[in-house]
Colleague: 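Would you mind keeping the following structure in view while I ask a few things?
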Amino acid sequence: MTIRVIIVDDQAMVRAGFAALLSAQADIDVVGEAPDGRRGVEVSRSVHPDVVLMDVRMPEMDGLAAARELLSPPPGVVHLPKVLMLTTFDVDDYVYEALRAGASGFLLKDAPPADLIAAVRIVASGEALLAPSVTRRLIADFAQQRPVPRRERSQRLRGLTPRETEVLELIARGLSNQEIADRLVVAEQTVKTHIGRVLAKLGLRDRAQVVIFAYESGLVTPGDAPA
């Protein structure tokens, strides 16, 4: 199945370079592009891409606002693409808010070409592009800015089993599936099963939202050292 992609970036050379790279892949089709967030939303709702590559900083409407519009659309709009944020800096002030808005992850603009191609495929498949190292940076740099734990989210934790809660906490502390499996002395596939149940019970889409939920529910707090 071909992955339909649009590229939203205010730099024409970036759009052209990414388009050329992705279009050369047999399973990826670049179906549109836009120079700002507002136009990106319009293009997305017109061509219905699977993945939107969204720059963070743009004129007219930045990538964060555009991601919110795409992922929390008005009544009548049913298409929800996956959004992959593009950033120039290793840790961008917008990243935490973008993940809260429902973005599936983020990628550095200067990442190797192979990483961009892999990122599009990962996000299109429904996974989050949030490596454990990225999780740890988010914990260090953004957890201090989180809101006071939400009672509603804390109550939703009661629906999890003790083991599911443990897996949720370990994800939020930055452990990979294999590291969690080693810690709990179970198979990695078992960890994946637990994660799937956590996502279903909490109504979350991916690993990125799991991390955000863990902090906003108060399960994990700033200062907790990655295990």
Side-chain angles (χ1 to χ4, degrees), residues 1-131 134 138 142 205-209 212:
M1 181 177 177
T2 302
I3 302 169
R4 294 166 56 82
V5 177
I6 69 169
I7 302 166
V8 185
D9 194 292
D10 61 335
Q11 298 181 48
M13 288 294 290
V14 171
R15 297 197 306 272
F18 284 178
L21 176 65
L22 295 174
S23 295
Q25 310 306 308
D27 60 336
I28 299 176
D29 187 12
V30 177
V31 295
E33 60 179 65
D36 60 67
R38 191 175 308 283
R39 180 62 182 144
V41 172
E42 294 173 356
V43 172
S44 178
R45 288 180 179 164
S46 173
V47 303
H48 294 174
D50 300 303
V51 177
V52 177
L53 292 180
M54 182 78 74
D55 188 21
V56 169
R57 293 186 172 95
M58 293 180 290
E60 298 296 328
M61 176 186 284
D62 65 31
L64 177 57
R68 283 175 175 154
E69 285 211 16
L70 288 175
L71 298 169
S72 298
V77 176
V78 296
H79 177 66
L80 289 177
K82 302 294 192 306
V83 176
L84 177 60
M85 305 300 295
L86 299 170
T87 179
T88 305
F89 303 102
D90 195 22
V91 176
D92 193 290
D93 290 344
Y94 283 110
V95 170
Y96 182 73
E97 290 301 324
L99 294 176
R100 287 188 64 199
S104 293
F106 67 97
L107 186 72
L108 295 179
K109 280 189 177 182
D110 62 356
D115 286 2
L116 173 63
I117 296 167
V120 168
R121 290 170 176 155
I122 289 169
V123 169
S125 72
E127 297 293 324
L129 190 69
L130 193 62
V134 174
L138 284 173
F142 296 105
R205 281 197 296 270
D206 53 39
R207 197 183 194 94
Q209 290 195 329
I212 300 301

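Quick caveat: nothing in here was measured; it's all calculated off a predicted structure. Just so you know, these numbers use all the heavy atoms, side chains as well, and skip hydrogens, waters and symmetry mates.
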Colleague: Would S104 and L84 satisfy side-chain contact (heavy atoms from CB on, under 4.5 Å), going step by step from the backbone distance to the final call?
Modeller: CA-CA 6 Å; S104 293; L84 177 60; 6.0 Å; no
Colleague: With sequence neighbours excluded, give me every ring pair (Phe, Tyr, Trp, His ring centres under 6.0 Å) pair touching residues 14-36.
Modeller: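 Residue pairs passing ring pair (Phe, Tyr, Trp, His ring centres under 6.0 Å), neighbours aside: none found.
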Colleague: Are K82 and D50 close enough for a salt bridge, meaning some N to O gap below 4.0 Å?
Modeller: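 No, this pair does not count.
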Colleague: Distance from R57 atom CZ to L64 atom CG, nearest 0.5 Å?
Modeller: 11.0 Å
Colleague: With distance as the sole test, does D29 use its side chain to make a donor-acceptor pair with the main-chain N or O of V31 at under 3.5 Å?
Modeller: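 No, D29 side chain to V31 backbone: no donor-acceptor pair under 3.5 Å.
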Colleague: Compare every heavy atom of V120 with every heavy atom of I28, then report the nearest pair and how far apart it is.
Modeller: CD1-CG1, 4.0 Å
Colleague: Do I6 and V47 make a side-chain contact, defined as non-hydrogen atoms from C-beta onward lying under 4.5 Å apart?
Modeller: yes
Colleague: How long is the straight-line distance from CZ of R4 back to NE2 of H48, given to the nearest 0.5 Å?
Modeller: 9.0 Å
Colleague: Among all residues two or more places apart in sequence or in another chain, which pass the salt bridge (Lys or Arg N to Asp or Glu O under 4.0 Å) test with R15?
Modeller: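 Partners of R15 by the salt bridge (Lys or Arg N to Asp or Glu O under 4.0 Å) criterion, ordered by chain and then number, come out as E33.
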Colleague: Side chains of V51 and I3: does their closest heavy-atom pair fall under 4.5 Å?
Modeller: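 They are in side-chain contact.
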Colleague: Side-chain contact test, heavy atoms from C-beta onward, threshold under 4.5 Å: evaluate it for L116 versus L53 and give yes or no.
Modeller: yes
Colleague: Side chains of P49 and V5: does their closest heavy-atom pair fall under 4.5 Å?
Modeller: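 The answer is no; the side chains never approach within 4.5 Å.
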Colleague: Run the side-chain contact (heavy atoms from CB on, under 4.5 Å) test on V52 and L70 for me, step by step, so that the C-alpha distance in whole Å, both residues' side-chain angles and the decisive distance to 0.1 Å come before the verdict.
Modeller: CA-CA 9 Å; V52 177; L70 288 175; 4.1 Å; yes
Colleague: Which pair of non-hydrogen atoms, one from A67 and one from M85, has the smallest distance, and what is that distance?
Modeller: CB-SD, 4.2 Å
Colleague: Is any side-chain heavy atom of R45 less than 4.5 Å from a side-chain heavy atom of V77?
Modeller: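 In short, these two side chains touch, coming nearer than 4.5 Å.
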Colleague: Side chains of E69 and M61: closer than 4.5 Å at any heavy-atom pair?
Modeller: yes
Colleague: Roughly how far, to the nearest 0.5 Å, is CE of M54 from CG of L86?
Modeller: 9.0 Å
Colleague: Taking the side chain as every heavy atom from C-beta outward, state whether L108 and T87 have any atom pair closer than 4.5 Å.
Modeller: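 Yes; the side chains approach each other to less than 4.5 Å.
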Colleague: Indicate every side-chain donor-acceptor pair of residues 7-14 with a distance under 3.5 Å to a residue at least two apart or in another chain.
Modeller:
residue: D9; atom: OD1; partner: Q11; partner atom: N; Å: 2.8
residue: D9; atom: OD2; partner: K109; partner atom: NZ; Å: 2.8

Colleague: Taking side chain as C-beta onward, heavy atoms only, is S44 less than 4.5 Å from H79?
Modeller: yes
